[in-house]
Amino acid sequence: MSYDNAAHLAARIKPKQQKVELEVAMDTMSPNYCRSKGEQIALNVDGTSSEDPSVYSMKMMDKQTFSSIQATTNTSRFAAAVFHKGELHLTPLQGILQMRPSFSYLDKADTKHREREAANEAGDSSQDEAEEDVKQITVRFSRPESEQARQRRIQSYEFLQKKQAEEPWVHLHYHGIKDGRSEHERQYLYCQAMDATENTELVKTPREYLAMLMPPLAEEKVIKPMGPSNVLSMAQLRTLPLGEQVRTLMKNVKVMPFANLMGLLASGTDSIAVLRCIQQVALLVQGNWVVKSDVLYPKNTCSSHSGVPAEVLCRGRDFVVILSNAHYCSEVWEVSSAQQGCIYLIKNADENISFFPKLLNSVRSVCSRRVVFAAAPAHVSGDQRLKAARESARESHALMQRELDARRPKVSTNTGSSGESSTPVQVKQEPISDSEEPMDTNGSINGYPDPTSPLSDPHNGHGHGHAFTPELQEFVRSTFRKHYVLCLSEVKRLFNLHLASLPTGHSVYGHVTDRMLQDTILQSQCKQILVPFPPQSNATADEQKVFGLWESGETFDKHRQVLYEIFMKNYRVRRSVIQTRLTQELSDAATKTDVDRLLKECCTSLGGMWYLKGTVPS
């Protein structure tokens, strides 16, 4: 149905809501118009009362209202285009509206009907009384509205309807499509600055504009399905580089013969290339490839099952790998006094041992450097250590006596009549107390010097002397500048790690005892922190000897010194205690950032309490 020739009675708009209403006259003389129905609608809407303003003045529905709705909320992709004299003129649009018939008059009819029914039920009895009944009124005050209730009220449909009704209508004059005013407004659709030499609106090049019209197709990312963590997809494995394939297979299988590994890889894979890759992630043990511990347990991680640090797991696993090789594990079994044996689950691949002779020798040389370090003296008692030290001293004495007897004729010939005494040299045995145990150094087994080690001095039972070396002092300084707070057992562990990293047979530290190490720490700008351990603490004597960096040459030393003084009186404290004490001692110099840094460098948190590093109960 066309409304071009219909008479437009009124027009109005709400600019903020972009809402338009038009009133169009209806042809009541048309044969398609039902006169009785129009009168009935007008009666239902206006009623019989003449006091209220009427919607239909002719007592007949002689007009229809059209209301607008937004066709789209995003009009940035639309424009009004006019093609004129070979030119295309585009005008951006702020809104696109669609006109639809409005049936609000039916709502008014329902309201009138409910009002008439309410008036009929009430009756006229109360209206005849001259005086009104006195009724008691209860005054109630509304409770203050909460923020959540206010948000719900703002987002409700009734509130939105009320806000829309608050905007007033702006009445307009309607002009037809062929009217002169309409023709004048249409002239604004043409660009008025066609003669300008520069158009600042169009700044894109033709190629850029074409790319905006037809953007390149984006590659769809294929989302890999999530599978169980213990299942390895061979299809996804084939898409990885060769090195990653070998690494992933060894991490999942852990122990595998070389032939099985080649069977899992794609056919036609070069065995030499696979051999280069597997040497980076695995070791050859009894002819089978065993994944390296640092690959299985990355650095600075912990076990998801027990929470044990990766460093401890790697040491224990390396020791088991060494024991698995029957060619050089007998001495380790003797040192550790093991009472039970282990059985290798996979059959020895002798053909691989003969096929990789050079690799096997390299694995033996690498693992042999770890034997002394990996064989922890946890299973050797103090009496056994003392017995082993005495036996070692007796063997050294006998060996030196034989060498002295062999050299005695040469000495007497060279000295002549010098009168030197040929009394046999006595080897001094240093007693070992219960509170002090010698440390493991290169060439030692279970904390005692190996007689065959080139670092032991057969004349006094020690290394290169009792005095600590500058190298040892430099190691202690660098260690405490990195960790700040360490117990003696942790310093010994880090020192053993440092010794294990040195080349075999190369050491400048000699035989280092606990006393030498403690003296070196105290001479390296550190102090012992006398932490009051509780009586029920199971910490060892070395774990209760806590040392901290006292002076490092920076202004943050004062913060650490205040913290050490706190822990000399308390085994564990709360953060608020540290914050209060720092504020009292350093006034405004202690900020939250400084407290965070201090706790990160020197303390460990457990159960809401803060401990010095190394003093947390196990």
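Side chains are part of it too, since the values below use all heavy atoms of this structure and drop only hydrogens, waters and symmetry mates. These numbers were taken from a predicted model, which means no experiment stands behind them.
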Engineer: Using every non-hydrogen atom in the two residues, find where Pro309 and Cys302 come nearest and quote the distance to one decimal.
Structural biologist: CA-SG, 4.1 Å

Engineer: Say you draw a straight line from OH of Tyr484 to OG1 of Thr479; how long is it, rounded to the nearest 0.5 Å?
Structural biologist: 12.5 Å

Engineer: Closest approach of Gln280 and Lys292, non-hydrogen atoms and distance?
Structural biologist: O-NZ, 3.6 Å

Engineer: Main chain of Ser489, side chain of Glu543: is a donor-acceptor contact present, judged purely on distance under 3.5 Å?
Structural biologist: no

Engineer: Under a 4.0 Å N-O cut-off, is there an ion pair linking Glu244 with Arg247?
Structural biologist: no

Engineer: Is the shortest side-chain heavy-atom distance between Leu275 and Trp289 below 4.5 Å?
Structural biologist: yes

Engineer: Looking at Leu264 and Met234, what are the two nearest heavy atoms and their distance?
Structural biologist: O-CE, 3.5 Å

Engineer: Does some side-chain heavy atom of Tyr564 sit less than 4.5 Å from a side-chain heavy atom of Val485?
Structural biologist: yes

Engineer: Nearest 0.5 angstrom please: Leu612 CG to Ile566 CD1, how far?
Structural biologist: 10.0 Å

Engineer: Quick one: closest heavy-atom pair of Gly608 and Arg574, and the distance?
Structural biologist: O-NH1, 3.6 Å

Engineer: Does a sphere of radius 6.0 Å around NZ in Lys254 hold more than 12 heavy atoms from other residues, nucleotides or ligands, not counting ones at 6.0 Å or beyond?
Structural biologist: yes

Engineer: How far does CG of Leu582 sit from NZ of Lys592, to the nearest 0.5 angstrom?
Structural biologist: 13.5 Å

Engineer: Hey, are the side chains of Val573 and Cys603 touching, using non-hydrogen atoms and a 4.5 Å cut-off?
Structural biologist: no

Engineer: Which of parallel (below 30°), tilted (30 to 60°) and perpendicular (above 60°) describes Phe475 and His498?
Structural biologist: parallel

Engineer: Is any side-chain heavy atom of Leu494 closer than 4.5 Å to a side-chain heavy atom of Leu486?
Structural biologist: yes

Engineer: Quick one: pull up CG in Asp519 and CG in Leu517 and give me the separation to the nearest 0.5 Å.
Structural biologist: 9.0 Å

Engineer: Are any of the side-chain heavy atoms of Ile278 and Met250 separated by less than 4.5 Å?
Structural biologist: yes

Engineer: If we ignore angles and hydrogens, is there a donor and acceptor under 3.5 Å between the side chains of Asp596 and Thr593?
Structural biologist: no

Engineer: Can you tell me how far CD1 of Ile578 sits from CG of Leu563, rounded to the nearest 0.5 angstrom?
Structural biologist: 5.5 Å

Engineer: Identify the two heavy atoms, one from Pro298 and one from Ala310, that lie closest to each other, and give their separation to 0.1 Å.
Structural biologist: O-CB, 3.1 Å

Engineer: What distance do Arg477 atom CZ and Gln525 atom CD have between them, rounded to the nearest 0.5 Å?
Structural biologist: 6.0 Å

Engineer: Does any part of the side chain of Thr540, heavy atoms only, come nearer than 4.5 Å to the side chain of Lys545, both counted from C-beta?
Structural biologist: no

Engineer: Is there side-chain contact between Tyr209 and Thr205, with at least one heavy-atom pair below 4.5 Å?
Structural biologist: no

Engineer: For Glu551 and Lys558, run salt bridge (Lys or Arg N to Asp or Glu O under 4.0 Å): C-alpha distance rounded to whole Å, both residues' side-chain angles, the deciding distance at 0.1 Å, then the answer.
Structural biologist: CA-CA 9 Å; Glu551 294 181 356; Lys558 297 180 180 179; over 6 Å; no

Engineer: Report yes if some heavy atom in the side chain of Gln518 is under 4.5 Å from a heavy atom in the side chain of Gln523; otherwise report no.
Structural biologist: no

Engineer: Is the positively charged end of Arg597 above the ring of Phe556, judged by distance under 6.0 angstrom from the centroid and angle within 45° of the axis?
Structural biologist: yes

Engineer: Determine whether Arg572 and Trp610 satisfy the following criterion, side-chain contact (heavy atoms from CB on, under 4.5 Å), listing intermediate values before the conclusion.
Structural biologist: CA-CA 6 Å; Arg572 59 180 184 177; Trp610 288 92; over 6 Å; no

Engineer: Checking side-chain contact (heavy atoms from CB on, under 4.5 Å) for the pair Asn288/Met256: CA distance, chi angles, key distance, verdict?
Structural biologist: CA-CA 6 Å; Asn288 296 291; Met256 188 190 312; over 6 Å; no

Engineer: State, to 0.1 Å, how close Cys526 and Ile521 come at their nearest heavy-atom pair, and which atoms those are.
Structural biologist: CB-O, 3.3 Å

Engineer: Taking 4.0 angstrom as the limit, do Arg581 and Glu565 come out as a salt bridge?
Structural biologist: yes

Engineer: Under the criterion salt bridge (charged side-chain N to carboxylate O under 4.0 Å, His left out), which of Arg481, Arg560, Lys613, Lys482 is the partner of Glu601?
Structural biologist: Arg560

Engineer: Counting only N and O atoms by type, is there a donor-acceptor contact under 3.5 Å from the side chain of Thr615 to the main-chain atoms of Tyr611?
Structural biologist: no

Engineer: Keeping the roles fixed (side chain from Asp557, backbone from Ser552), state whether a donor-acceptor pair exists under 3.5 Å.
Structural biologist: yes

Engineer: Phe533 vs Tyr571 aromatic rings, parallel, tilted or perpendicular, using cut-offs 30° and 60°?
Structural biologist: tilted

Engineer: Whether the side chain of Asp270 engages the backbone of Ile272 through a donor-acceptor N/O pair (distance < 3.5 Å, no angle test) should be reported.
Structural biologist: yes

Engineer: What I want to find out is whether Lys492 reaches Asp542 closely enough, with some N-O distance under 4.0 Å, to be called a salt bridge.
Structural biologist: yes

